[in-house]
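Here, residue 1 is the first one in the sequence, and each next residue gets the next number. What you see below is based on every heavy atom in this structure, not just the backbone, and it leaves out hydrogens, waters and symmetry mates.
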Amino acid sequence: MEALDVLLNRVSQARLQGPAPSAAQRDILFRAALRAPDHGYLRPWRFLCVEGEARQRLGELYAAALLRKNPEAAPEALAKARAMPLRAPLLVVVIAKVQKHPKVPEEEQLLSAGCAAHGILLAAHAQGFGAIWRTGEMAHDRCVAEGLGLAANERIVGFLYLGSVEGERRNAPQLDPVDFVSNW
């Protein structure tokens with residue numbers, strides 16, 4: 001796939017199924033992530049792959065986080081939390097490793113990790129896979145962060161759901177740059 005085609009036509013795909021990217025295809029995903037802008041060469045990111053039965057364990061972690069916030073959570077809400085990680089065969093948890101640095105503020109490090117996530121999405125699209133970046137309350141929940149083994153200086157940037165597109169592939173909406181660009 002041509003680079004400009006990838007950049008101009010990548011769109012989130014929510015309906016995903018197996019197969020997930022292979023080991024060789026994942027290597028490309030993560031190599032693309034590692035090309036993110038990185039002021040100071042801090043490498044302020046890391047990635048966790050969640051697949052197979054680990055998706056059920058993540059669902060249980062989500063349910064535990066929900067119960068911690070609301071001990072009287074409805075069974076339907078708990079079932080929904082448990083099912084969230086099952087929407088794709090592979091999830092990649094993108095984690096920002098925020099470091100103290102005299103020239104690189106925390107915001108830049110978070111943005112760099114976000115760029116790494118975008119690199120994964122672009123590389124997935126280039127290889128014919130579907131993907132969607134999700135955050136939501138679980139991305140900001142300390143119980144979830146601790147359950148995933150995050151250190152105190154780490155933050156979840158997002159959960160990338162990856163797999164083969166189920167059904168018809170969505171097309172990117174055509175936006176006009178003139179609506180977003182002006183001269184100063």
Does Q17 use its side chain to pair, donor to acceptor, with the backbone of G163 at less than 3.5 Å? no
Is a side-chain donor or acceptor of D38 paired with a backbone partner of R43 at a separation under 3.5 angstrom? yes
Is E108 reaching over with its side chain to a backbone N or O of V104, donor-acceptor style, under 3.5 angstrom? no
Please check this pair: side chain of R155 against backbone of L150, looking for a donor-acceptor N/O pair closer than 3.5 Å. no
Please step through side-chain hydrogen bond (donor to acceptor under 3.5 Å, both in side chains) for the pair Q25 and S22, ending with a clear verdict. CA-CA 5 Å; Q25 291 164 325; S22 68; 3.1 Å; yes
Note: E154-R46 ion pair, threshold 4.0 Å (strictly below): yes
Any side-chain to backbone donor/acceptor pair from E106 onto V98? Under 3.5 Å, distance only. no
Separation between CD of Q13 and OH of Y161, rounded to the nearest 0.5 Å: 16.0 Å
Between L78 and L66, is a side-chain contact (heavy atoms from CB on, under 4.5 Å) present by the stated rule, with each step listed? CA-CA 7 Å; L78 293 169; L66 182 59; 3.8 Å; yes
Flag, side chain of R26 to backbone of P21, donor-acceptor distance under 3.5 Å: yes
Is it the case that one hydrophobic cluster holds both F159 and V94, taking links as side-chain heavy atoms less than 4.5 Å apart, direct or via other members? no
Distance-only, no hydrogens or angles: does the R87 side chain make a donor-acceptor pair with backbone N or O of L16 under 3.5 Å? no
Give a yes or no on whether a salt bridge exists between K69 and D141, defined as a side-chain N under 4.0 angstrom from a carboxylate O. yes
When you look at C49 and L90, which way does the side-chain contact (heavy atoms from CB on, under 4.5 Å) test go after all the steps? CA-CA 7 Å; C49 293; L90 172 65; 4.1 Å; yes
Report the C-alpha separation of L29 and L160 in whole Å, then their side-chain angles, then the decisive distance to 0.1 Å, and conclude whether the side-chain contact (heavy atoms from CB on, under 4.5 Å) test is met. CA-CA 11 Å; L29 297 178; L160 306 183; over 6 Å; no
